[in-house]
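I have placed the structure first, in the form of structure tokens, so that the comments after it can refer back to it.
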Amino acid sequence: MRLTSYALTRARDEIFGLLEAQGPLLPYTAIADVEDRTDADHEPERPNSRARLAIRDVEDRADADLTVPVFAAAKAHGGNAVALAEKIAGSLDLAGTRFASVSAVKGYLNFKLDQTKFCSEVIHDFSRDPKRYGSCIRGEGQTIVIDYSSPNIAKPFSVGHLRSTIIGQALHNILSYLGYRVVGDNHLGDWGTQFGKLLCAFARWGSEDELKRNPTAHLLGLYVRFHEEAKVDASLELAARDWFRRLETGDEQTRSLWQRFVKSSTTEFGRIYDLLGVKFDSMRGESAYEDRLAGVIDRALASGAARREKPGAAMGTGGDEVGPNETVVIIPLDDKGIDTPLILQKSDGTSLYATREIATAEYRIERWHPEKMLYVVGKEQELYFRQFSAALAKLGIPVPCIHVTFGLVRLPEGRMSTREGRVVFLEDVISEAIRRAEAVVQDRDLSSEEKARISRIVGIGAIKYADLSQNRIKEVVFDWDRMLALDGDSAPYLQYAYTRTRSILRKSEVQSPKSKVPSPSSFALPEEIALLKSIARFPDAVVAAAEAYEPHRIAGRIYRLARDFSSFYDKAPVLKAETPELRDARLYLVEMTGRVLATGLALLGIEVTDRM
RNA sequence: GCGCCUGUAGCUCAGAUGGACAGAGCAUCGGAUUUCUAAUCCGAUGGUCGGGGGUUCGAAUCCCUCCAGGCGCGCCA
């Protein structure tokens, strides 16, 4: 595979080569000897051994840029690591390499890069294609479908929907940057029993006027009321099921009412997506797969993957609504180590989420032929996705489905609950974020349009970054101040660093037309070198984020970059550098920093602005 | 009851494939602006990495166990 390579990767390769040339007494061989014994594979040895040879990037250490611990090798030879490291360090010839020195320290081989060569490499990597620095072609020729956002449109868009939406969008951006063809599919929840509830509630308590005037609030009110009344009137649940049955069997009046619910919600969601800058390549409701459902069930039964059986437990609340002849269709999964079967058809003949999800997967495969499908869906559905994956396998659908999970957003007082009206609306959060950003930008010497634009970019950036900068697996307790922080480790901090780069470059253009590729030997300050190293580490972060489906790896990397830049900014005058050469060199550094910050933020779906 | 996830500084979090003294932000305290935007920078205080065992030359990271919190467990999505 042709991979775009970057300075640090090449440096690791060179260390590997140096050690390999030393002969058999070396770490990589030793590690391979020790660990390959259990492996039956006879794959090419080099990549294998190489993967096991830890060549680590070292941060914040004066005596090393890259290090190789030789403990495992020493052990394999019955020797001692300190002595082995010294022996190797003494016999390595670094002439002509990109390393200035190697030293043995307590069992580690510490390599120092030749600063000038390293700077020159990083600059070269960057100047090759400044706008695409950090990209590569590892995904070329492969398609990935990402299912993200996928809100339930019977309910208002709450902060709970935010995570799937922005994590999914970030993954879309990141994977695209690595050359994959990515299809973002918003699988709108516009079908199912919940709509039965809504239709039922509207028939009883709904108002045409309200639906026109304030659709979301009205629907939410009906939804909440339904659940309140259902607590004392058990027949409501059954009525709702019947409404859904009428919907699914094509009752015309029911359909047209449902149509209006859907329309009013999607209009509103569209507005939020615009605000957030979130885009999809495909946006289809669950209802779009309706005509495939019967086929899914038939084929599942025909293949033997599924079977009909008597319902195990009575549905609803009464207990005897299930007629003696009624059956459910299930896919048993005990053979896959999952006790609970997946139900494809209810005893009243209607479909379930899973049925529609299988139909959706089939559609996606037919239409886009993906190598894999990602589902950015909350952790509470983990069991369901294990069932779903296992079911697809039994149905002979070979495309892997990866559940990209994330933790729930909770309120300090507990779980959010639409049906109890305990939700925080995303739109309120966005408004508040923008309001707080406005307060800061208020006394800037900028036009009011400019201030409004900046506030929007900063406020929304803060919301997104608060989420994307932490591990998605952890649950989040919603907190206004935390989500909307404008200082410290936050989007505005990164955006601000970016504006500083723009400001310098803007002013420099008055005096000289553009920054030239500098002579790397100009750099001497530790802050300059630290900044270059920070830039050099960016490409690895993008790959790590893509491999683990974890955008926060990029967030962490560019936050470090912004900090390194801020320190540099404080210590190293650019426009008033001591010599013109130094000025040009620093200008280029500023240019690189700004670009990488903007690129990293863009991958997270966060915009930048020239002034703040 | 069973299964999955989480537990790192007062608070919120980084620490991928085990590696050299566990790092940030916020908060607190003290400094920095005739110089490219102070939404900034520099410094200080602050940690039995939930507890206990184990594996290893080496464990926040792997294994066991206990504790705490969250989520889930056939006709909701």
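Throughout, a chain's letter reflects where its sequence line sits, starting with A, and its residues are numbered from 1.
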Response to the item:
Out of B:C71, B:U40, B:A39, minimum distance to the side chain of A:M612 belongs to B:A39
Discussion item. Measuring only the C1' atom in each nucleotide, how far is B:G46 from B:U55? A whole number of Å is fine.
Written reply: 33 Å
Worksheet, complete the sentence: If pairing means Watson-Crick or G-U wobble with both distances under 3.5 Å, then the partner of B:G43 is B:C29
Worksheet entry | Nearest-nucleotide pick for A:Y493, side chain only, options being B:C76, B:U40, B:C73 | B:U40
Practice prompt. Could you work out which one of B:A20, B:C26, B:A16 sits closest to the side chain of A:D487?
Written response: B:C26
Worksheet item: With nearest nucleotides of RNA chain B determined for A:V574 and A:Q470 from heavy-atom distances, which residue corresponds to the more 5′ nucleotide?
Response: A:Q470
Item to complete: Consider the side chain of A:K576, meaning its heavy atoms from C-beta on, and name the nucleotide among B:G72, B:U35, B:C36 that approaches it most closely.
Response: B:U35
Worksheet item: Between A:Y148, A:Y289, A:Y353, which is the residue that forms a ring-ring contact (aromatic ring centres under 6.0 Å, His included) with A:H187?
Response: A:Y289
Item to complete: Let me know the distance between CZ of A:R415 and C1' of B:C71, rounded to the nearest Å.
Response: 7 Å
Fill in: Between A:S103 and A:N110, a side-chain donor and acceptor under 3.5 Å
no
Fill in: Among B:U6, B:G15, B:U40, the nucleotide that comes nearest once only the side chain of A:I473 is considered
B:U6
Worksheet item: What nucleotide, of B:A77, B:A24, B:C71, holds the atom closest to the side chain of A:L408?
Response: B:C71
Discussion item. What's the gap between B:G23 and B:A44 when it is taken at their P atoms, as a whole Å value?
Written reply: 13 Å
Worksheet item: Hey, does the side-chain of A:T193 have a donor or acceptor N/O within less than 3.5 Å of a partner on the base of B:A77?
Response: no
Worksheet entry | Nucleotide forming a Watson-Crick or wobble pair with B:U56, both distances under 3.5 Å | none
Worksheet item: Of all the nucleotides listed (B:C41, B:C36, B:C71), which has the minimum atom distance to the side chain of A:K507?
Response: B:C36
Worksheet item: With respect to the phosphate group of B:C42, does any side-chain polar atom (N or O) of A:S567 fall under 4.0 Å of OP1 or OP2?
Response: yes
Worksheet item: Paired with B:U6: which nucleotide, if any, by Watson-Crick or G-U wobble criteria at under 3.5 Å for both distances?
Response: B:A68
Worksheet item: Considering only the P atoms, how many Å lie between B:U12 and B:C66, rounded to the nearest integer?
Response: 27 Å
Item to complete: Indicate whether the side chain of A:S351 and that of A:E248 have a donor and an acceptor atom separated by less than 3.5 Å.
Response: yes
Worksheet item: With a 4.5 Å limit on heavy-atom distance, are the side chains of A:L484 and A:S490 in contact?
Response: no
Worksheet item: Can you tell if the side chain of A:K464 reaches within under 4.5 Å of the side chain of A:M483, non-hydrogen atoms only?
Response: no
Worksheet entry | Pairwise P distance for B:A16 and B:U6, with rounding to whole Å | 14 Å
Discussion item. Please give the distance between the P atoms of B:C73 and B:C13 as a whole number of Å.
Written reply: 25 Å
Worksheet item: Taking the P atom of each, how far is B:U48 from B:U65, in whole Å?
Response: 27 Å
Fill in: Pairing partner of B:C49 (Watson-Crick or G-U wobble, both distances under 3.5 Å)
none
Practice prompt. Using only heavy-atom distances, decide whether a donor-acceptor pair under 3.5 angstrom links the side-chain of A:R560 to the base of B:A14.
Written response: no
Worksheet entry | side-chain contact (heavy atoms from CB on, under 4.5 Å) partner of A:F388, chosen from A:L333, A:L383, A:I358 | A:I358
Worksheet item: Where the side chain of A:K474 is defined as all heavy atoms beyond and including C-beta, which of B:A38, B:U6, B:G15 is the nearest nucleotide?
Response: B:U6
Practice prompt. Can you tell me, in whole Å, how much space there is between the C1' of B:U8 and that of B:G3?
Written response: 26 Å
Discussion item. Output the rounded distance in Å from CZ (A:F244) to C1' (B:A77).
Written reply: 11 Å
Worksheet item: If you check the A:H552 side chain, which of B:G72, B:G15, B:C36 turns out closest?
Response: B:G15
Worksheet, complete the sentence: Side-chain atoms of A:K379 come closest, of B:A38, B:U17, B:C5, to B:C5
Worksheet item: What is the base-pairing partner of B:C13, counting Watson-Crick and G-U wobble geometry with both distances under 3.5 Å?
Response: B:G23
Discussion item. Using a distance-only criterion (donor-acceptor N/O pair, under 3.5 Å, no hydrogens), is the base of B:A16 paired with the side chain of A:D540?
Written reply: no
Discussion item. Is the ring pair A:Y493/A:Y559 parallel, tilted or perpendicular, if the boundaries are 30 and 60 degrees?
Written reply: tilted
Worksheet item: Can you tell me the Watson-Crick or wobble partner of B:U34, both distances under 3.5 angstrom?
Response: none
Worksheet entry | side-chain contact (heavy atoms from CB on, under 4.5 Å) partner of A:L587, the single match among A:L582, A:T501, A:V574 | A:V574
Item to complete: Check whether any side-chain N or O of A:R444 sits under 4.0 Å from OP1 or OP2 of B:A39, and answer yes or no.
Response: yes
Item to complete: May I ask you to evaluate whether A:R563 reaches the phosphate of B:C41, defined as a side-chain N or O under 4.0 Å from OP1 or OP2?
Response: no
Practice prompt. Please determine, for B:G1, whether a Watson-Crick or G-U wobble partner exists with both distances under 3.5 Å, and give it or none.
Written response: B:C73
Response to the item:
note: A:E475, atom CD; B:G70, atom P; distance rounded to Å ~ 8 Å
